[in-house]
Amino acid sequence: MEPRWKGKGSEAKALADPMSKLVAQLQSSLIQTNMCGLLSGCSVLVAVETEHVDLFSRSCFGRPIVTAEKDKHWFQLGMEEAFYLCHFLKCLKIVGEDNCPKDDGELWHYMKSRKATFPAFYKAYSHLRKKNWVVRSGLQYGVDFIDYRHHPSLVHSEYAVLVLLEGDDDTNGRLRL
Amino acid sequence: METDDWESCPSDMSDNESCLQDKDASELDNYTSASQHKLQFRSDVSVARWINKMGMAEVMEKKGRLWTTTGIVRSGKTYCFIEETLFLAEIGALHLLDDNDTRLSLRDIYKKVAEEKSGCCWERFEVYRHLKSLGYIIRWHSVPWSIKTPKGDNLNNETVYVQSTPEGNGVMGIDSKDKSFNVELFSSMQINEVRPVFDVFLPNSKFKKSSPGDPSFVLCLTSGYPQSKAEVEIIERRCGSIPLKFCHVEHGRVSFFSIDRVELPVLP
């Protein structure tokens, strides 16, 4: 099935700025600014300067938090995307409320304690992201992730992703396909 | 297909802290520039001081009508939970000070939520923020809106505190007369997976903390998996005639559902 682009010019925009380039831009910008995220519950909060807000939106990481702060723009990252930025792209430090950066092992352990399926979900997320697909939450559609070829405002999603572990039994209550 | 995940508030809302409109960023944002969502400008900002040993903020200066539906009153003073405090700080309606009267930044307040003391967590805050932005009035489950101390009583008899239970759930205790109330709270903490967190009242411009009436529903925060029938029934019994709803937070989205009993009619 052909990708369904939204409106004229979307495909051209996508070709002009492939997702790999957008993610690389985000990565280098975060490294330069020594970006640090605050771990809170199942989210990581980052404060972004105005000139960097676009990088997050265009590469589809995080969701903006609306606040009254003028000079800082807060974004909220899910566990998979935060771990991807931290561990794979190595462009984000993540700290707890004690301000101490968490190493990958600590983070992994923490995230797994919050969500038992985190390891499998991260595997799926990172596998698809590495191929430069855009991966977003599939909660609205009753699935785990939704995959886009590029920014969701440019193209309709092409895949719904369900993460299933081999030998998964019914203890987590998921509907078996 | 892509729908808003926040609804705009009804136009007859007189309480001015609501009316946030947020669309799902990934679907509807302009690709070329992130849309900047605007909050209404506030010139009158309330002030509160964080009281560490209470785990709450004491309101020092009240501005606006929002205080008719926010915070609990104890002996004439108003206190806010961290979620209420953060919500108001996020929308620019509150300045929070520390012991030295230094203004705390939004980051400082986010850090307090990250500490996850007294049952607070980011997800619970997201639920609070979502409902509050829609205009609902929120009470911490079973925590009275206001308690007066009769004149002449030693104020030390009435200690307001937020403590952690072994399960890590927050409990708002009133360390005085209302012992039965304490017992109710602690026993409800035995259900580990699911616990009532909020009593939710419908938007009401005439709301009075002194006579709030019954909440519209009691809200439980789920851990992600469906509740067993037994768990649901236990909580339902506790809530009496008040309907029960559940909510689930994931990736910044808050979903609500209820588990209802139906009797399907015999069809012709």
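- Taking CH2 of B:Trp122 as the start and SG of A:Cys42 as the end, the distance is 12.0 Å to the nearest 0.5 Å.
- Only the side chain of B:Glu123 comes within contact range of chain A, with at least one heavy atom under 4.5 Å from a heavy atom of that chain.
- To the nearest 0.5 Å, atoms OG (B:Ser105) and CD (A:Glu69) are separated by 6.5 Å.
- Note that the OG atom of A:Ser43 and the CZ atom of B:Phe125 stand 11.0 Å from one another [nearest 0.5 Å].
- Counting only heavy atoms from C-beta outward, the side chains of B:His251 and A:Glu80 approach each other to under 4.5 Å.
- Of the two parts of A:Ile65, only the side chain, counted from C-beta on, holds a non-hydrogen atom closer than 4.5 Å to a non-hydrogen atom of chain B.
- Between B:Glu116 atom CD and A:Glu97 atom CD the span is 8.0 Å, to the nearest 0.5 Å.
- Note that CH2 of A:Trp74 is 9.5 Å distant from CD of B:Glu90, once rounded to the nearest 0.5 Å.
- With a 6.0 Å radius and a threshold of 12 heavy atoms from other residues, nucleotides or ligands, A:Lys123 has its NZ atom at or below the threshold.
- For A:Lys112, the NZ atom sits in a loose shell: 12 or fewer heavy atoms of surrounding residues, nucleotides or ligands are nearer than 6.0 Å.
- When the candidates A:Asn99, A:Asp98, A:Leu45, A:Val95 are compared by the number of heavy-atom contacts under 4.5 Å with chain B, A:Leu45 comes out ahead.
- Heavy-atom neighbours of A:Tyr159 OH from other residues, nucleotides or ligands within 6.0 Å: at or below the threshold of 12.
- Across all non-hydrogen atoms, the minimal contact from B:Ala114 to A:Leu39 is CB-O, 3.4 Å.
- For A:Lys90, the NZ atom is densely surrounded, since the number of other residues' heavy atoms within 6.0 Å is greater than 12.
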